[in-house]
Amino acid sequence: MCIKQALISVSDKTGVVELASVLHQFDIVILSTGGTAKLLQEVGIPVIEVSDYTGFPEMLDGRVKTLHPKVHAGILARMDLPVHQQAMAQAQIPVIDLVVVNLYPFASTIARQGCTVEEAIENIDIGGPTMIRAAAKNFQRVAVVTDPQDYEPLLEQIRSNNGSVDRDYRFKLAQKAFSHTARYDGAISNYLTALEPATGQRKPFPDQFNLSFTLTQPLRYGENPHQQAAFYRDTADITGSLAGYNQLQGKELSYNNIADTDAAWACVRTFDKPACVIIKHANPCGVAIADNPLAAYEKAFTTDPVSAFGGIIAINRTVEADLAKAVLQQFVEVIVAPEFSIEARQLLTGKSNIRVLTVPLGAHDNLYDLKRVDGGLLVQTPDDLNITVNQLRMVTQIKPTDAQIEDCLFAWRVAKFVKSNTIVFCSNGQTLGIGAGQMSRVDSARIASIKAEQAHLDLHGSVVASDAFFPFRDGLDVLAQAGAKAVIQPGGSIRDEEIIAAANEQGIAMIFTGVRHFRH
């Protein structure tokens, strides 16, 4: 079935002239509206304005222009049904075989600083979604295009099929069209249900929470081989996030690879200095900053070489040949960095199973953190708070040195990415021992000191970060016995005075941050 008539009405004009030009070459009649019609006319492409086509002028400042039976009957008519054929013939309405529509930029409008409720509402498209849904519903006859990236594939279909589009491709376009309108309506719902009706003030969370993600790839299995899994990307901007990774080599990423690499990348990109993070089972087993990436890696690796076996390595600088050579001495599942030099890439190809990823550095943060529970969803804003020196409170008689404060801030940043309960020993921009995920803080302290001993790392003079306050002095006593000389923690316990007194007794400088970093 050849395309004889197309309706083009787009907010995003990208590629529309080139598309219309080819359609015109195939003698396809083009209907259009407003700015789209004007643009096509200016470049000499014949266009029939919808108001001339329907015989009914646009009204209400353009709010009503395509909402007309001659448009929607032309889209919705099923020409395989005699009753539809008869009705269309009686009304003298020709069919519309192709609908090219994208919508008012609602999402970008509400993202703009200072956007008012009135501006947002004016950018709610009515006619566009109606035409898209009508065309997608009638995909057996009508092709509908909502994304400029689909213009060239559409034209390939038209060229190779003598002016028509095959049924499978029309169905694919219909799937995308319904997803497009669902995402659009979801954004509107999220925005409007987060407004207080009386005042128009925004609430932290909408009453109706709509999510939109696009399937990136089915995965071989989930956390365990008996579980099915898939990876989806946010339909919002993902620049700088792991979801935008580019894989240079290696086997397909697994569910656990993606989860662990995300944890590594989230941590490493928070550091300004060259940094390396090694992750095992979602927890850092080594983190370090240094003057160059190789030194950062070597320091991070020495924290816990045993746990680093089969780990995930994240670097926040370009990986050069010297670092690639060092990494190749170990068993590594994934290495991720902003870039890899040509020499480094050549070296890494010698271990073809290593998954090598690039992700551009950026300040991407999800709007919300999500955690599924049975029958529901926990939603919170991300833990993106980084403490500065000016926010620290020195609470002991012994005050920390400048070097200790710097190490405490480093340890505190690492602790944010370790599962609670968290204890992190550090010195000179390097983790020395990490205790993670224990039911009691004192056990995390013991494990962290044992880890350092096993790695032959000296804890004397080290600093320690605790992600939450010490409920009793026993945890602090373990740190003191291990050799720590400064501790950074949130404070806020009913026994704070007892803990401070214990620190003074043990000769430890203590810093309160006033915030905690639980990570469950």
Side-chain angles (χ1 to χ4, degrees), residues 3-76 93-112 115-116 118-136 142-155 158-159 163 165 173 176-177 180-181 184 188:
I3 296 172
K4 296 179 180 178
Q5 186 162 239
L7 192 154
I8 305 178
S9 180
V10 293
S11 174
D12 180 358
K13 305 294 192 294
T14 304
V16 72
V17 170
E18 293 78 8
L19 171 68
S21 177
V22 176
L23 297 181
H24 175 58
Q25 292 171 18
F26 277 83
D27 296 323
I28 295 171
V29 175
I30 298 175
L31 311 176
S32 194
T33 62
T36 306
K38 183 179 179 182
L39 173 63
L40 298 181
Q41 288 165 348
E42 287 175 350
V43 297
I45 299 173
V47 171
I48 300 173
E49 293 215 35
V50 166
S51 57
D52 295 331
Y53 178 71
T54 62
F56 198 93
E58 292 184 13
M59 62 182 298
L60 305 180
D61 297 322
R63 286 190 174 201
V64 178
K65 49 192 173 186
T66 58
L67 297 171
H68 191 280
K70 196 169 182 180
V71 172
H72 289 281
I75 296 172
L76 283 165
I93 298 176
V95 296
I96 296 172
D97 313 293
L98 171 63
V99 173
V100 181
V101 173
N102 53 58
L103 307 175
Y104 294 167
F106 181 81
S108 59
T109 298
I110 62 173
R112 193 177 67 242
C115 172
T116 65
E118 291 73 18
E119 287 177 301
I121 290 174
E122 282 305 308
N123 275 277
I124 297 176
D125 204 321
I126 302 301
T130 307
M131 288 187 290
I132 290 171
R133 289 173 61 83
V142 182
V144 55
V145 182
T146 58
D147 184 350
Q149 292 187 2
D150 289 322
Y151 292 171
E152 189 52 43
L154 172 75
L155 293 177
I158 291 172
R159 292 186 187 105
V165 177
L173 290 172
K176 192 167 183 176
H180 183 64
T181 57
Y184 192 78
I188 295 168

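In this chain, numbering begins with 1 at the start of the sequence shown. Predicted model, so just to flag it, every value in this text is computed and none were measured.
- V165 has its side chain out of reach of L98: every pair of non-hydrogen atoms, C-beta onward, lies at least 4.5 Å apart.
- When all heavy atoms of Y151 and V10 are compared, the closest pair comes out as OH-CG1, 3.8 Å.
- Atom NE2 of residue H180 and atom CD1 of residue I132 lie 4.5 Å apart, to the nearest 0.5 angstrom.
- In this structure, Q5 CD and I28 CD1 are separated by 10.5 Å, a value rounded to the nearest 0.5 Å.
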Less than 3.5 Å apart, which donor and acceptor atoms pair up between the side chains of residues 39-49 and the rest of the protein, not counting sequence neighbours?
none

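- Atom-to-atom distance recorded for F26:CZ and I3:CD1 is 9.5 Å, nearest 0.5 angstrom.
- Heavy atoms only, all atoms of each residue included: H72 and T130 are closest at CE1-CG2, 3.3 Å.
- Taking all atoms of both residues into account, the shortest heavy-atom contact from L7 to M131 is CD2-SD, 3.8 Å.
- Within a 6.0 Å radius of NZ in K13, more than 12 heavy atoms belonging to other residues, nucleotides or ligands are found.
- The distance from atom OG1 of T146 to atom CG of L173, rounded to the nearest 0.5 Å, is 8.0 Å.
- Summarising the geometry of A37 relative to S32, their closest heavy-atom pair is N-OG, 3.2 Å, with the distance given to 0.1 Å.
- With contacts defined as side-chain heavy-atom distances shorter than 4.5 Å, the pair F106/S11 does not qualify.
- At distances below 3.5 Å, at least one donor-acceptor pair connects side-chain atoms of N102 with backbone N or O atoms of D12.
- Smallest separation of non-hydrogen atoms from T33 and S9: OG1-OG, 2.7 Å.
- Of the inter-residue distances, the one linking R112 atom CZ with S108 atom OG reads 8.0 Å to the nearest 0.5 angstrom.
- The shortest side-chain heavy-atom distance between V142 and I96 does not fall under the 4.5 Å cut-off.
- A side chain to side chain contact (heavy atoms under 4.5 Å, CB included) with I8 is found for exactly one of L23, V101, V145, namely L23.
- To the nearest 0.5 Å, the span separating CD1 on I93 from CD1 on I75 amounts to 11.5 Å.
- Here the closest non-hydrogen pair linking Y184 and N123 is OH-O, 2.9 Å.
- With hydrogens and angles disregarded, a donor-acceptor distance shorter than 3.5 Å links the side chain of T109 to the backbone of P105.
- Shown here are the salt bridge (charged side-chain N to carboxylate O under 4.0 Å, His left out) partners of K176, two or more places apart in sequence or in another chain: D147, D150.
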task: Any chance you could lay out the side chain to side chain contact (heavy atoms under 4.5 Å, CB included) test for V71 and L31, step after step, and finish with the verdict?
output: CA-CA 10 Å; V71 172; L31 311 176; 6.0 Å; no
